[in-house]
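See structure below.
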Amino acid sequence: DSGVTQTPKHLITATGQRVTLRCSPRSGDLSVYWYQQSLDQGLQFLIQYYNGEERAKGNILERFSAQQFPDLHSELNLSSLELGDSALYFCASSARDPRDTQYFGPGTRLTVL
Amino acid sequence: AQSVTQLGSHVSVSEGALVLLRCNYSSSVPPYLFWYVQYPNQGLQLLLKYTSAATLVKGINGFEAEFKKSETSFHLTKPSAHMSDAAEYFCAVSPDYGQNFVFGPGTRLSVLP
């Protein structure tokens with residue numbers, strides 16, 4: 001158990017809809033990272049938050065957004081969903097910097113029909 | 001741009017045989033390097049990481065990796081494969097302080113009885 005929790009575990013929705021994925025980091029970790037894992041793109045870094053502030057952006061679509069709340073949990077919002085958004089979405093947390101060990105949650109499997 | 005290549009998307013070894021998973025990276029500065037393992041239907045778990053201290057890094061479950069700057073490599077080895085090692089293995093690089101992970105495409109390890 002990494003100490004990082006993600007909900008829900010599975011999500012099935014239709015094209016055009018909006019969903020929210022939730023992540024609670026390990027106790028004491030200030031940084032949260034979101035990753036997308038798909039068969040064709042592999043593991044892609046989406047976005048990082050540090051202590052409530054956006055720190056870095058990767059290959060995140062404009063239809064996607066995230067935030068980190070004062071209690072340090074984070075949410076990833078995906079809107080106007082397309083079939084190609086079907087993937088595993090992982091959250092990870094670390095103490096501060098990306099070079100600190102990142103602990104991964106179990107992931108949310110999103111299926112867009 | 002930083003990149004990570006993993007030679008061989010699928011590697012098969014016999015139980016008890018040597019495991020060698022290859023990782024090469026490109027980075028303009030001394031990087032931090034990581035190996036993560038992903039078991040079926042689970043998140044990623046850190047095996048080991050290189051942080052510019054010792055070039056030979058020992059990790060969990062008997063795995064180790066050697067950083068070779070001249071070859072820009074960070075290959076993962078284990079002397080004797082066990083059935084429980086069957087999983088997907090990802091090499092990742094964090095090129096510089098504050099810079100986020102670039103993951104390799106992954107290598108699926110199968111262990112044959």
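Numbers restart at 1 for each chain; the letters A, B, ... are given by sequence-line order, proteins then strands.
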According to a hydrophobic-cluster definition based on side-chain heavy atoms being under 4.5 Å apart (Ile, Leu, Val, Met, Phe, Trp, Tyr only), do Met83(B) and Phe63(B) belong together?
yes
Those residues of residues 12-27 of chain A, ordered by number, that approach chain B below 4.5 Å (heavy atom to heavy atom)
none
Membership question, hydrophobic clusters at under 4.5 Å side-chain separation (ILVMFWY): are Leu109(B) and Phe103(B) in the same one?
no
Which region of Tyr50(A), side chain (C-beta onward) or backbone (N, CA, C, O), has a non-hydrogen atom less than 4.5 Å from a non-hydrogen atom of chain B, or is it both or neither?
neither
Applying a criterion of heavy atom separation less than 4.5 Å, what residues of residues 76-88 of chain A form contacts with chain B?
Leu88(A)
Under 6.0 Å from the CG atom of Leu61(A), do we count more than 12 heavy atoms belonging to anything else shown?
yes
ILVMFWY network linking Leu43(A) to Tyr25(B), side-chain heavy atoms under 4.5 angstrom:
no
Say whether Val4(A) and Val32(A) are linked into one hydrophobic cluster, either directly or through other cluster members, by side-chain heavy-atom distances under 4.5 angstrom.
no
So if I take each residue of residues 101-113 of chain A and look for any heavy atom under 4.5 Å from a heavy atom in chain B, which residues do I end up with?
Thr101(A), Gln102(A), Phe104(A), Gly105(A), Pro106(A)
Is there a path of hydrophobic side-chain contacts, each under 4.5 Å between heavy atoms of I/L/V/M/F/W/Y residues, joining Phe74(B) to Ile60(B)?
yes
Criterion side chain to side chain contact (heavy atoms under 4.5 Å, CB included) against Phe101(B), the qualifying member of Phe45(A), Tyr33(A), Tyr35(A):
Tyr35(A)
Contact check, side chains of Gln37(A) and Phe90(B), non-hydrogen atoms, under 4.5 Å:
yes
Please list, in residue-number order, every residue in residues 31-47 of chain B that has a heavy atom less than 4.5 Å from any heavy atom of chain A; write 'none' if there are none.
Pro31(B), Tyr32(B), Phe34(B), Tyr36(B), Gln38(B), Gln42(B), Gly43(B), Leu44(B), Leu46(B)
